[in-house]
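Chain A is the first sequence line, chain B the second, and so forth, proteins listed ahead of strands; every chain is numbered from 1. None of the values given here were measured: they were computed from a predicted structure.
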Protein chains: 6
Amino acid sequence: MKHIKLEENINYDGSQIEPMWAFKNFGIKDSSIVSWIGPMGIQPDHLIDFEDQGLEIKGDNLVHFMIEHFDIQPADIRLCYHRQRLFVMIIKDVLHGMGIETIRSGDDLYFNTMNKKGKLSVSIATCSISSMKIHFALNLTERGTPDDVDTAGLMETGVNIKIQDVHDFRELACSKYITEVSSIEMDISKTRVF
Amino acid sequence: MKHIKLEENINYDGSQIEPMWAFKNFGIKDSSIVSWIGPMGIQPDHLIDFEDQGLEIKGDNLVHFMIEHFDIQPADIRLCYHRQRLFVMIIKDVLHGMGIETIRSGDDLYFNTMNKKGKLSVSIATCSISSMKIHFALNLTERGTPDDVDTAGLMETGVNIKIQDVHDFRELACSKYITEVSSIEMDISKTRVF
Amino acid sequence: MKHIKLEENINYDGSQIEPMWAFKNFGIKDSSIVSWIGPMGIQPDHLIDFEDQGLEIKGDNLVHFMIEHFDIQPADIRLCYHRQRLFVMIIKDVLHGMGIETIRSGDDLYFNTMNKKGKLSVSIATCSISSMKIHFALNLTERGTPDDVDTAGLMETGVNIKIQDVHDFRELACSKYITEVSSIEMDISKTRVF
Amino acid sequence: MKHIKLEENINYDGSQIEPMWAFKNFGIKDSSIVSWIGPMGIQPDHLIDFEDQGLEIKGDNLVHFMIEHFDIQPADIRLCYHRQRLFVMIIKDVLHGMGIETIRSGDDLYFNTMNKKGKLSVSIATCSISSMKIHFALNLTERGTPDDVDTAGLMETGVNIKIQDVHDFRELACSKYITEVSSIEMDISKTRVF
Amino acid sequence: MKHIKLEENINYDGSQIEPMWAFKNFGIKDSSIVSWIGPMGIQPDHLIDFEDQGLEIKGDNLVHFMIEHFDIQPADIRLCYHRQRLFVMIIKDVLHGMGIETIRSGDDLYFNTMNKKGKLSVSIATCSISSMKIHFALNLTERGTPDDVDTAGLMETGVNIKIQDVHDFRELACSKYITEVSSIEMDISKTRVF
Amino acid sequence: MKHIKLEENINYDGSQIEPMWAFKNFGIKDSSIVSWIGPMGIQPDHLIDFEDQGLEIKGDNLVHFMIEHFDIQPADIRLCYHRQRLFVMIIKDVLHGMGIETIRSGDDLYFNTMNKKGKLSVSIATCSISSMKIHFALNLTERGTPDDVDTAGLMETGVNIKIQDVHDFRELACSKYITEVSSIEMDISKTRVF
């Protein structure tokens, strides 16, 4: 499993959640995480969460993670949501290491201090028969986020976060996730079963 | 999925990791977490982690969690290890809420301050064809832990933890885990797939 | 798993077999049975059974059951058809308890007395990667059923069936099915495996 | 899938539930039902149902069905219990065709008339990683059944059942079950999925 | 599993890879291989291999094999690719028996002699949730194959291959594959597991 | 997946087929092939093939391959037998490249020339819930093989095979198998599914 760190500023319109996006666009075979920084404006026909129907999901500047797993065949959305939760918890941990405390509820992270409260992240998991996909994105700024939701931006939390910190954060979060998934495989091969 | 909070002081000798232990001893059908406080001294023939062969795994006083899942058929040790990781991360979070900072590496939690360093926990996951099991235990004290490992006890971390706090911790950790697993099921039923 | 008893008179046009219909229309998360009374006229592009291509599947008044299961991930059409058979057998049993004898062949129920012979029911099962769906419907009357098939209606069998009996039948059949599926889960957790 | 109709009078001691029994004793490869008539006296270490621990499970004369499926890999005890339920419902149906009304609760059949009430059957399902097994047996007589359970025997129900009828019943029940399982496979191959 | 040997000259345009094609066109239920001789010209929207996007996949005369498996539920593209490899290796073996040496790389067969080098075959595997499909085709002639690929035709290898040999080859390859898959099922039912 | 080439002369007594043998003896985590040269004398209680019960399975000098896969969870004996067949076909191919023609039937290789006929190999596949195992061994010599079976030894086929050739053969066969399994994973990630 590889982390591909894109330099380009891609707009997340929801099409990137489709299976094989990484292969079709970057020729990546095998499981992968692609990360980049860019805006978000999800087209209604790319909505994955039926609860979001009719809502605007958008923002001017987010750090995006697009994960695809091919190791489980057939793909299993239950396992995929377990991995999404692991990823969100790892993000929370890495933010904590940067001095940013967040609150997690399911797959959402919230910022909650006296000065600032708001939803930091959006996330969804889905699958086709052969591929499991996870999108997770963190607002860097509140600009362009929906008016009817209290949001927060990572670079506006009062903690001094520079763009290089965001790059380091991408690196560290992905590396920790890849290590985690791989450590589970190692644990399996030393475990007695009944 | 239910949490059964035992009052008795049971010795964890490793036999509790066997499938259906909760049913055979407490008549519990369905998935469950059983928690209790007690010593640990694992019998060699109850060892699950082949890496532990020849090692002593023991302690005088730990808080134990014994999880059994029947929802996945056939049982899947990979998913089981994902749930173990979720559980450990939830424990870490709850401890953080109690003012105790820990470091996680795979399924282990470590205490690491200037005054005190050491391994706080032991954990293993395993399965039979029909049942997935997770054992997780936290030292309350260092007493009785192996001499050749640096260990730490939850009640000796410098943070003021009373026995009632340990009970509250059991309650909260289990309730958060049960909610997490159930929230994943709810997420599945609102997700568009390809 | 819940039974949602609709009061409305919905036309079954085949779109209801689509995954997540219950969530999208009634906000139901989790596995469910939705039952209602209404006509049927399946649109060709909603046909699930390729053997039915070119046939008319219709009727003026039927009692409909729309089942969705999310508990098995990934969804398994083989298990889904096993559940369909269980459901049809439970229906047959409940009808027997009401004094109506039927003959079952696969997923079809037939009425067969000296006075009246004919197909009572239609049924199909299908799935997406994350959801298993079963539709089962019983003619209440022969009116509007295809001319080229011998059909029968539940309220025209010679046994005195009132509309309240149909409501009780809905209730009882769904409750027995939900109990059955749940009793299987309980049986798993008390079974020794090899 | 074949039905092997044994002529011998075999004692069911519980060892027959072990995977590959049919292959080891009769050289049968592939899925199979073996049926025979004989007594039952389950050895405690062959108990499969942990709820039966400490109970006597016995009888002097029963008709036994021992089913083994290899088609699902890895074996799935949930699917196996679904098939057990289908088998019991088919038995109930065949008995109904012979004029014997029974009541089903889970995997048990009961006889319940003014003159005679009692449990007619015993059943269990289990599996190894590669094989799914179902045992189902009907008392032909009450003789030798446990004292502390109300039992009934098929040949003592007041309906005139001769031993040839029992043979025909074996034949018919197995043939209907084999047809049912095979009809599900045929249904799969004509079903549109999402 | 049956082999259906079509006499017609069908153009392979890629639509035949769709699940249930054999049922919809020939009424075949159950797993099957359909073989025929005919041209190939894949429509871009029927492309399965994303690596082929933008390429022409065509030829004037090929022997085609279209395999569909329903035995694994849910379908598993990993197992499907294993079966594809088995099929290609069996083809290689049968060609070897006819005096034609080929080289295999993944799912491709190459002809490689002093006089003639070139790609002999095209192949792809895919699946829906309920069906696994494999297409494999061998050029009989180079005519009509893409200009930018070195290809070879079975009837132009220097070995004397008549059209009747091609028919015998179809028969033999399919019969060996069906026997192989079935021998695996038999092996399962005599294997001790842990 | 790694190939571990043992230098020691190990006796294959059947215990090596047990899950986790590679981890317990060589500390190998992850999927692996271990190969070595040595005698074989399978202990009756280590027999995996129930058809072999009562037979002697032995030889004085064989090249052994012991494969373990952890990538599929839960383990699937059907897939495992597919991989066994792939492995045997790859062995056949490599031998062909060395000038040794063999005939394959299921998982057995035979030598069959005018001068010499006989069974060259033994093989079995099995699994636990978390691990799939394949043993394959080729006689280097006929010495010590059972009297009641016609056997053949690789170094006695008339083709000039030196011990270094056997080492090269081990290397090449394992490397081709590892490449094959990995090429399937790559193919999955470029395949459109339905």
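Surrounding NZ of A/Lys24 are more than 12 heavy atoms belonging to other residues, nucleotides or ligands, all under 6.0 Å away. Counting non-hydrogen atoms of neighbouring residues, nucleotides and ligands closer than 6.0 angstrom, the CD atom of F/Glu56 reaches no more than 12 such neighbours. In the displayed structure, F/Asp150 atom CG is contacted under 6.0 Å by at most 12 heavy atoms of other residues, nucleotides or ligands.
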**Request:** In sequence, state the C-alpha distance, the side-chain angles, and the governing distance for F/Lys29 and A/Lys190, and then conclude on side-chain contact (heavy atoms from CB on, under 4.5 Å).
**Result:** CA-CA 7 Å; F/Lys29 290 185 185 181; A/Lys190 57 166 203 169; 4.0 Å; yes

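At a 4.5 Å heavy-atom cutoff, F/Glu68 makes no contact with chain A through either its backbone or its side chain. Contact of F/Ser128 with chain A is made through the side chain alone, with heavy-atom distances under 4.5 Å.
Between chain F and the options A/Asp187, A/Val193, A/Ile72, A/Ile28, heavy-atom pairs under 4.5 Å are most frequent for A/Val193.
With values rounded to the nearest 0.5 angstrom, F/Phe70 atom CZ is found 9.0 Å from A/Met186 atom CE. The CD atom of F/Gln73 sits 13.0 Å away from atom CG of A/Asp76, with the distance rounded to the nearest 0.5 Å.
Nearest heavy-atom pair, F/Asp30 versus A/Ser189, reported as atom, atom and distance to 0.1 Å: N-OG, 3.2 Å. Nearest heavy atoms, A/Met20 versus F/Thr191: CE-O, 3.3 Å. In this structure, F/Phe194 and A/Ile129 approach most closely via the heavy-atom pair O-CG2, 4.0 Å.
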